[in-house]
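Convention: sequence-line order gives letters A, B, ...; per-chain numbering from 1. Given the structure is predicted, the values throughout are model-derived calculations rather than measurements.
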Amino acid sequence: MIRIHVALQLLLAFWIVWVGNAWAFRHSWRIDLTRDQRYAIAPETTEFLRALPKRVEIIVPYSFGSSAADRIRARVFARAIRTIEEFELVNPYCRLEENLNIARDPLRWESLRNEKSLGSPNRIYLFAGDRRETITFEDLAEMRETPNGPVLERERVPEALAAALERVVHDDAPRWLFSQGHGEISPTDAEPRLGVASWVRDLAERGVSLESSDLRQGGAIPDGIDVLVVIAGGNGEAPFDPFSSEVRGDVERFLDRGGDLLLMLPFYGECGLEPLLAPMGIEFRNGLVHSGGGDAASGIGSIQVWDYDEQHPITKRFRFEEDKIELNSFRSLVVTPPAIPLVTTSPDTWLEFDLDGVHDASEPAGPFPVVACLEGSPDSGRGRVVVFGSWTPVLDVFHRSQSRRLLLSACDWLAEREGPTVGVGRVDASDRVNLTADEGRFWFWLTIFAFPGSALAVGLGVWGLRRRA
Amino acid sequence: MIGSVSTIVRRELLSLFVSPIAYIVLFCFMLVNGATFRFYVGLYGGEMEPVLVSTFGGPAFWFLWLLIPPLITMRTFSEERRSGTFELLVTSGVSDAALVAGKFLAAWVFLGLLWAGVLPLLLLAEAYGQLDWGVVASTYCGLALSSALLAAIGVLASSLTQNQLIAAVLATVVNLGIVLSNQLRALFPPSAIELRFFEYVSPPYHFARDFSQGIVDLSTIVLYASVTVLALFATVKVLERRRWA
């Protein structure tokens, strides 16, 4: 009888434990104790996640080496994986499908790559139906070189993930038209020096539908086009052939009916859109902006950005003086209201006319605006305009790091897909311990001998005292 | 009840600390942790975030986590029974629950002191850099919860047999089962409920996902606390066996 009674008590206790845990399993309440609240999800992101319209599967294939930079990348990706898991707790529709260490399972990587048409590893791939989105390390964080090696400067993992999620769940595919026929760079150009494959891939992964059309043929820009892209690069042999007044008229009508324009200027000469843009407050100057301190050998037109518009959605995610975007072969813009200068070069830049890399007296000194935009006006019905002082940011050789972020930020703004703002991110408070050789030795003796030895010494003391007693 | 419990805790801890055994265990514990900590500092170039994750989640950590609690708890009841002091103890007016609670708390406090032995290493790191003490706090929260669970399992195992070795082996096997449940996760597809179950009960998963990342989850607290109480309740019932005859 007693045994049955005890068995029942144990069963009841087990049942209570089971019910309590079943409740806890379904009611996750988490406290983030990290110094910078790294895994705490912002209320607007929580709201967005709860309202996620469709299932998003996320795959993170990674393979990092043992270098200091790779260790930092691995750390950021580990944080990203953790953050995705936090997102998943808010809404299981945001699912980390695969978190794959390629070094451990190369066969799985091969099969996954074929099955999902994945590109490089060390990226985060998001899939929502037939839409996909990719996040790179540069989207998640910034690294900085120091004399002691690279350090994680800033991270914006939750924001970048939320922004990518928002982009990938959008159903509408904006249509972008690449103008052709005047020596513009083609989106399908595979020529290595003039290749734009990286940018085009980024756009495709943002769900942009890409088309191209010779604007000289037939004139009108098709209905339904959201953004007109003009990469006035010339074809490498012949300079850019400026737009005729007819084509300009087409572009103006396109803008008037709410279309957006991304214009990237040729190195020199006219592009044919000057009469259209001048009344909007954007004009171009001849000559290429060149940085002080450089020389002809460093490449004419190699400049670092100095200042940003900190309010504008395109540039508010960049930091004054710190995000040193490397730009190449940019023309200076003259920007007056209603246009807004977005990116400005440093005061020690000048306009190179003779391309000798020397600041001659006749060459005007900076700062110069090199990227500008124009907000579409609801009254006029006009769309948005972004003008880059050069077409070089689209090239594979320059489409990286901060200049890539800037261009994609402009593209997101043109596509009206700023999403949850990807701010500048948090400064990553370094927890690195830098030890000199002497300090390293000191640590060795302290951690392996002094600390454990002190415990042993106390024990021996107790033993000695007991023996004496 | 509280008076009896505190008396037993004092007695247990005193018996541990007047013998050199506690200090030898502490020495070994600090030596292993010191060596692994120094190794990881070198391996990760002084980046403390991965150093903390590895120190409280690497092979050495799990080795200590698995083996030390059974070694501490194996003698709690087995030794009393073997030496005949158990009958003396239960006839002194102390209830079974107080006896179990006292033995458990003593083992838990001792485990806590062992893990506190890692703190000098963290203070050393703080002196040279900036440690994220939030992560340290969550890690120690995990250690406190899991140590309570392991101490309770060890006490239960010790109550089941007079042989200390068998008690230690039994507790180690149970602990090993708990740790290896993490490996079973690999058998299930991502959406399987079994996977969620093994994630829920797996301490390595809790440490990797939550504690060593600076996160404390209510569900994990409920799990460890409830299973600890269940094990202690079972221990009390095991001690009551003597009255059944």
Side-chain angles (χ1 to χ4, degrees), chain A residues 2-3 6 9-10 13-14 16-17 20-21 23-25 27-36 38-39 68 71-72 74-75 78-79 82 85-86 95-98 148-149 429-435 439-440 443-444 446-449 451-460 462-463 466, chain B residues 17-20 22-24 26-31 34-35 37-38 41-42 44-51 117 120-121 124-125 128-135 137-138 141 190-191 196 200 209-210 213-223 226-227 229-230 233-234 237 240 243-244:
Chain A
I2 293 172
R3 290 180 188 204
V6 170
Q9 280 183 338
L10 283 170
F14 187 79
I16 292 169
V17 167
N21 280 281
W23 176 84
F25 181 70
H27 296 84
S28 182
W29 180 66
R30 298 162 73 74
I31 313 168
D32 183 356
L33 296 178
T34 54
R35 183 172 41 205
D36 49 1
R38 196 177 300 147
Y39 302 114
R71 282 202 304 267
I72 289 175
R75 194 169 130 195
R79 284 186 191 178
R82 283 289 307 108
E85 286 172 343
E86 291 296 318
R95 173 88 191 151
L96 178 63
E97 203 63 35
E98 194 108 20
N148 293 319
S430 173
D431 59 1
R432 180 187 273 193
V433 173
N434 292 310
L435 299 178
E439 286 168 344
W443 270 51
F444 175 79
L446 206 58
T447 54
I448 297 178
F449 288 93
F451 288 152
S454 58
L456 196 61
V458 174
L460 287 172
V462 170
W463 179 70
R466 284 198 72 199
Chain B
F17 281 101
V18 293
S19 72
Y23 301 98
I24 291 170
L26 188 59
F27 166 76
C28 295
F29 201 81
M30 290 177 81
L31 181 69
F37 183 78
R38 181 67 192 92
V41 168
Y44 294 115
E47 294 279 354
M48 292 313 295
E49 189 181 320
V51 169
L121 302 171
L124 180 68
Y128 282 80
Q130 274 192 316
L131 214 56
D132 190 338
W133 285 97
V135 175
S138 67
C141 178
S191 51
R196 290 303 179 98
Y200 185 75
R209 193 189 74 161
D210 296 340
Q213 301 288 340
I215 290 173
V216 177
D217 193 322
L218 172 71
S219 62
T220 322
I221 296 174
V222 170
L223 173 74
S226 61
V227 178
V229 172
L230 181 66
F233 180 71
K237 293 296 148 192
E240 282 177 1
R243 298 200 192 111
W244 298 354

What distance do [X] atom [atom1] and [Y] atom [atom2] have between them, rounded to the nearest 0.5 Å?
X: B:D210; Y: A:E86; atom1: CG; atom2: CD; answer: 7.0 Å
X: B:L218; Y: A:I31; atom1: CG; atom2: CD1; answer: 8.0 Å
X: A:W23; Y: B:S219; atom1: CH2; atom2: OG; answer: 9.5 Å
X: A:T34; Y: B:W133; atom1: OG1; atom2: CH2; answer: 15.5 Å
X: A:F14; Y: B:S226; atom1: CZ; atom2: OG; answer: 10.0 Å
X: B:L31; Y: A:F451; atom1: CG; atom2: CZ; answer: 13.0 Å

Does any backbone or side-chain atom of [X] lie under 4.5 Å from a heavy atom of chain B? Answer side chain, backbone, both or neither.
X: A:F25; answer: both
X: A:L446; answer: side chain
X: A:L435; answer: side chain

Check side chain to side chain contact (heavy atoms under 4.5 Å, CB included) between B:F233 and all other residues, then give those that pass, not counting sequence neighbours.
A:Q9, A:L10, A:A13, B:K237
Closest non-hydrogen atom pair between [X] and [Y], with its separation:
X: B:M30; Y: A:A455; result: SD-CB, 3.9 Å
X: B:V18; Y: A:V462; result: O-CG1, 3.4 Å
X: A:R95; Y: B:R196; result: NH1-NH2, 2.7 Å

Would you sort out whether A:L33 and B:V216 count as a side-chain contact (heavy atoms from CB on, under 4.5 Å), showing the intermediate values?
CA-CA 8 Å; A:L33 296 178; B:V216 177; 3.8 Å; yes
Do A:R82 and B:I215 pass the side-chain contact (heavy atoms from CB on, under 4.5 Å) test, and can you show the C-alpha distance, the side-chain angles, and the key distance before you say yes or no?
CA-CA 11 Å; A:R82 283 289 307 108; B:I215 290 173; 3.1 Å; yes
Among B:V229, B:L223, B:V227, B:V135, residue most engaged with chain A (heavy-atom pairs, under 4.5 Å)
B:L223
Choice from B:L124, B:L26, B:V222 maximising heavy atom contacts with chain A below 4.5 Å:
B:L124
Give, as side chain, backbone, both or neither, the part of [X] having an atom under 4.5 angstrom from any heavy atom of chain A.
X: B:P120; result: both
X: B:V51; result: neither
X: B:L121; result: both

Specify which of A:W463, A:Y39, A:F444 makes the most heavy-atom pairs with chain B at under 4.5 Å.
A:Y39
Presence of salt bridge, B:E49 and A:R79, under 4.0 angstrom:
yes
Pair A:R75 + B:E47, salt bridge at N-O below 4.0 Å:
yes
A side-chain contact here means heavy atoms from C-beta on lying under 4.5 Å apart; do A:N21 and B:Y200 qualify?
yes
When you look at A:W443 and B:Y128, which way does the ring-ring contact (aromatic ring centres under 6.0 Å, His included) test go after all the steps?
CA-CA 11 Å; A:W443 270 51; B:Y128 282 80; 5.4 Å; yes
Under the ring-ring contact (aromatic ring centres under 6.0 Å, His included) test, residues paired with B:F29 that sit two or more places apart:
B:W115
